[in-house]
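Structure first, commentary second.
Note: hydrogens, waters and symmetry copies are ignored here, and every other heavy atom, side chains too, is used.
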Amino acid sequence: MIFIKLFFFVFILSINSQQIYECDFDYGQICLLGLQSASYILLNETSEQPRQPASDVTAIDTSNDMGECYFPFQLNSFEMFFCEKSDPNLPSTCPTLNGTGPRINCSEGEYGYELFEMGEIGYRSYKVDLTSQLSSGQHCIRFYYYLSDQYSNGTIQVIIQDTILNQNQTILIAYLRLQNRWHEIRENFYLDNPNPTIYFLFQREYSSDFLPYYMAIDDITIIDLECDPIPTTTIITTTQTLISTTTATTTRIISTISSSTQSSQSTFISTSTNPMRTSSTSTSSTTINQGTTSIEIISSTTNYPQSSTISTSTQQGSSSIKSKLNKLFFFI
């Protein structure tokens, strides 16, 4: 009887909860009014690491009977986190089975992006083209974002405008870039009044380089529940055998985010509309607060005897930033 009641409760909850808004820029979807879109860039054997997404999120999520896309894989002199396209008339592809398996064709979609030219700074805001009304109460927003590099002070902010109180609240700022890939970010927010206006603001402050700078987003989703945690995935695992007594130090950096070169032969195609500790002798912990991001550095030093084997696993969740900011931002 208890099981039946629990099942009934979950069933009712799933009915009352809904995905209010979802937009992935594919098939000409206009997610942010006025934001341009792209699908892929062309790469070849001489291409350097791209400074914009080489494919969208739909592409890297591809899977079929032969397997699913494996990332990263080695391309030229860099690690590739996107599907690879070398011919505009052929589909983009990705390797399977830890990068050694056969390649499969990627499903191609689009993503939205903002471009700041060499040395250009400033901000640009775009209104979300909401297709459903948002009621008051708890919500969660999730999307994927991309930044060209970590040196250009680039941020993507999500701003909620209460049209009744005529106040703006910044609920999320995405600025963390771990690798040259898509980063997922999620954030809870609460609406006192229904039917707000939502803006995405792309901002670039002072930068020491003069390269074109891209900020991109894809797969925007809003639901009327709290956000689920972002899954943690293992990125690197290494094993080494020590021949003599050695002191090994392991450093782990944890970024909690719940709310993420020039191309000599690259062509840009676009359209106008788109987280073991082991036994240790000493442990030190330092927390560094940078803006809205908390980074905890844990160092463990262990003395291992002869012929010991050390396995090191580096874990990292999808990058994003937990920031609930009650900051007023007014547009001019």
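A distance of 9.5 Å separates CG of Leu225 from CG of Asn188, quoted to the nearest 0.5 Å. To the nearest 0.5 Å, atoms CG (Asp87) and OG1 (Thr93) are separated by 11.0 Å.
For Gln203 and Gln157, the side-chain atoms include at least one donor-acceptor pair closer than 3.5 Å. For the residue pair Tyr126 and Glu114, a side-chain donor N or O sits within less than 3.5 Å of a side-chain acceptor on the partner. Side chains of Glu108 and Thr58: no donor on one and acceptor on the other come within 3.5 Å.
Note that Lys85 lies in the cation-pi zone of Tyr40, set by a 6.0 Å cut-off to the ring centre and a 45° limit from the axis. Under a cutoff of 6.0 Å and an axis angle of 45°, Arg51 and Tyr146 do not form a cation-pi pair.
Residue pairs meeting the disulfide bond (SG atoms under 2.5 Å apart) criterion with at least one partner in residues 39-74, sequence neighbours excluded, are Cys69-Cys94.
The aromatic rings of Phe116 and Tyr213 lie tilted to each other, with the angle between the two planes from 30° to 60°.
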List the steps and the verdict of salt bridge (charged side-chain N to carboxylate O under 4.0 Å, His left out) for Arg142 and Glu187. CA-CA 7 Å; Arg142 184 203 75 182; Glu187 181 58 276; over 6 Å; no
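Counting non-hydrogen atoms of neighbouring residues, nucleotides and ligands closer than 6.0 angstrom, the CZ atom of Phe78 exceeds 12 such neighbours. The environment of CD in Gln133 is sparse: at most 12 heavy-atom neighbours from other residues, nucleotides or ligands sit within 6.0 Å.
Residues Cys31 and Tyr111 form no side-chain contact, since every pair of their non-hydrogen atoms from C-beta on lies 4.5 Å or further apart.
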